[in-house]
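What follows is a set of notes on a single structure, which appears directly below.
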Amino acid sequence: MTTRLETPEFALIRRYFSQLTDTRPDVLLGIGDDAALTRPPGNCQLATSVDTLVSGVHFLETVSPESLGHKALAVNLSDLAAMGAEPAWVTLALTLPRIDDQWLEDFARGFSRLAQAHAVQLIGGDTTRGPLSMTVQVQGFLPDGVALRRDTARVGDDIYVTGTLGDAALGLYYLQHGLTDAPETADLVKRLERPQPRVATGLAIRELAHSAIDLSDGLAADLGHILDASGVGARVALAHLPCCVAVSEAMRSRGDWSLAVSGGDDYELCLTAPVDARPALAALSRSLDLPITRIGQVEAEPGLRWYDDAGQPWHPEHGGYDHFTEHDD
């Protein structure tokens, strides 16, 4: 480990991220000037998303730098997936307490592998000294008029989610309570620390779905955003929520559905689609080898209503994660 702080920012970026700085022909001028110059393809819209991860708020201090590099990019790619956009360019701003060569090599490895998997080029960045945090901005393309939005759900739409729910929340609980010897811990922690952005799914559903959102703050909160923006309501069957065995058993033992309903960091997609899209979505699920599960229906009456196995209403204690609300561990 070293403690030098004089490394110029461009030299630092080139040293650790050189494999990402010259990979796309639509980047006319990348790292090394006051701004990057890019050329979006014709007849396309540009989708842009930015997220900041702060130590102690968005990730535990014990997370490996390679996992952190992966997640810093993954959460942004997940936003593009929810819009149905194809990722293209990324910028990275790192705030570091000190220069640690090994930490940077590991962080860059996790970041770069995911970027290369999605053909993303790093076009700019910044480094500064301070408490550990990172801000990533991604940009991607989509044809005019096909973007998946939050304000376009329609009454009668089916509601779907990809993957499984609650894994990351349970993984965080295991880490916070020292339950590292449980056989399911590794898989749950991987879902927390290395989420897989559903980019291919987002591209495939933009001709099928009416609306979509990625699940970062929990199903209740994020589905609620769609309903609010679209001026509609919904009913959801708790028994239809897709969960792994560990999450299902944990919820059964607690007598509470909150892991799947309010747990954050799933980074799955929630979408609404017309009833006649059911066969196509079932075929897509098979082709991607990814569960795409129908969990409810959009209704005209405002509000989000949950029903248990017996058809009785259930009310979550928490609506989802909020950065400006105090949370217990």
Side-chain angles (χ1 to χ4, degrees), residues 51 53-64 66-68 70-72 74-75 78 81-82 110 159-198 201 213-224 236-270 289-293 295-296 304 306-309 314-323 325-329:
D51 274 294
L53 301 184
V54 178
S55 179
V57 177
H58 301 97
F59 57 90
L60 301 176
E61 294 181 358
T62 55
V63 65
S64 74
E66 185 171 346
S67 293
L68 187 55
H70 173 103
K71 188 168 185 176
V75 301
S78 183
I159 302 169
Y160 294 84
V161 292
T162 64
T164 55
L165 305 177
D167 302 52
L170 186 56
L172 177 61
Y173 178 86
Y174 276 26
L175 289 177
Q176 290 175 328
H177 293 81
L179 304 176
T180 55
D181 294 332
E184 66 270 22
T185 297
D187 288 339
L188 294 173
V189 171
K190 184 176 181 180
R191 287 295 308 275
L192 171 68
E193 296 181 346
R194 298 202 182 203
Q196 296 302 313
R198 303 302 186 188
T201 309
I213 192 170
D214 80 320
L215 298 178
S216 56
D217 297 330
L219 176 62
D222 292 320
L223 176 55
V236 173
L238 294 166
H240 292 173
L241 299 184
C243 300
C244 71
V245 172
V247 170
S248 295
E249 291 180 348
M251 293 192 302
R252 189 178 304 113
S253 68
R254 300 175 184 184
D256 180 22
W257 292 87
S258 295
L259 278 174
V261 169
S262 306
D265 273 347
D266 284 320
Y267 293 101
E268 297 292 348
L269 298 182
C270 176
D289 193 23
L290 174 71
I292 303 177
T293 306
I295 63 170
L304 177 51
W306 309 87
Y307 293 91
D308 64 17
D309 297 8
W314 176 84
H315 304 284
E317 183 177 348
H318 301 291
Y321 185 82
D322 184 332
H323 291 282
T325 300
E326 293 295 329
H327 296 274
D328 295 328
D329 289 340

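What's counted below: heavy atoms across the whole structure, side chains too, no hydrogens, waters or symmetry copies. Remember, predicted model here, so these are calculated numbers, not experimental data.
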- Does the D222 side chain pair with the main chain of D217, one donor and one acceptor, at a distance under 3.5 Å? yes
- Query: How would you list, by chain and number, every residue that makes a salt bridge (charged side-chain N to carboxylate O under 4.0 Å, His left out) with D265, sequence neighbours excluded?
  - Reply: K71
- Interatomic distance, I295 atom CD1 to L223 atom CG [nearest 0.5 angstrom]: 6.5 Å
- Item | CG-CG distance between L192 and D187, expressed to the nearest 0.5 angstrom | 13.0 Å
- T185: what forms a side chain to side chain donor-acceptor pair (under 3.5 Å) with it, not counting sequence neighbours? none
- Query: For residues 238-252, which residue pairs qualify under salt bridge (Lys or Arg N to Asp or Glu O under 4.0 Å), counting only residues two or more places apart or in two chains?
  - Reply: none
- Item | For Y174, ring pair (Phe, Tyr, Trp, His ring centres under 6.0 Å) partners two or more places apart | none
- Value for CG (L165) from OG (S262), rounded to nearest 0.5 Å, stands at 11.0 Å
- Note on the structure: For I159 and C270, the nearest pair of non-hydrogen atoms, with its separation, is CG2-SG, 4.0 Å
- Item | R191: partners by salt bridge (charged side-chain N to carboxylate O under 4.0 Å, His left out), with sequence neighbours left out | D167, E268
- Roughly how far, to the nearest 0.5 Å, is CH2 of W306 from CG of L241? 6.5 Å
- Message: Taking the cut-offs as 6.0 angstrom to the six-membered ring centre and 45 degrees off its axis, would you call R198 and Y160 a cation-pi pair?
- Response: no
- Which pair of non-hydrogen atoms, one from W257 and one from L238, has the smallest distance, and what is that distance? CZ3-O, 3.1 Å
- Message: Please check this pair: side chain of T162 against backbone of L269, looking for a donor-acceptor N/O pair closer than 3.5 Å.
- Response: yes
- Note on the structure: So CD of E66 and CZ of R194: to nearest 0.5 Å the spacing works out to 4.5 Å
- Is any side-chain heavy atom of L259 less than 4.5 Å from a side-chain heavy atom of R254? yes
- Interatomic distance, CG@L179 vs CG@L170, rounded to 0.5 Å, equals 8.5 Å
- Compare every heavy atom of V54 with every heavy atom of F59, then report the nearest pair and how far apart it is. CE2-C, 3.5 Å
- Query: Just by modelled atom types, is the G166 backbone N or O under 3.5 Å from a matching donor or acceptor in the D266 side chain?
  - Reply: yes
- Task: Tell me, please, which residues at least two apart from E184 pass salt bridge (charged side-chain N to carboxylate O under 4.0 Å, His left out).
- Result: none
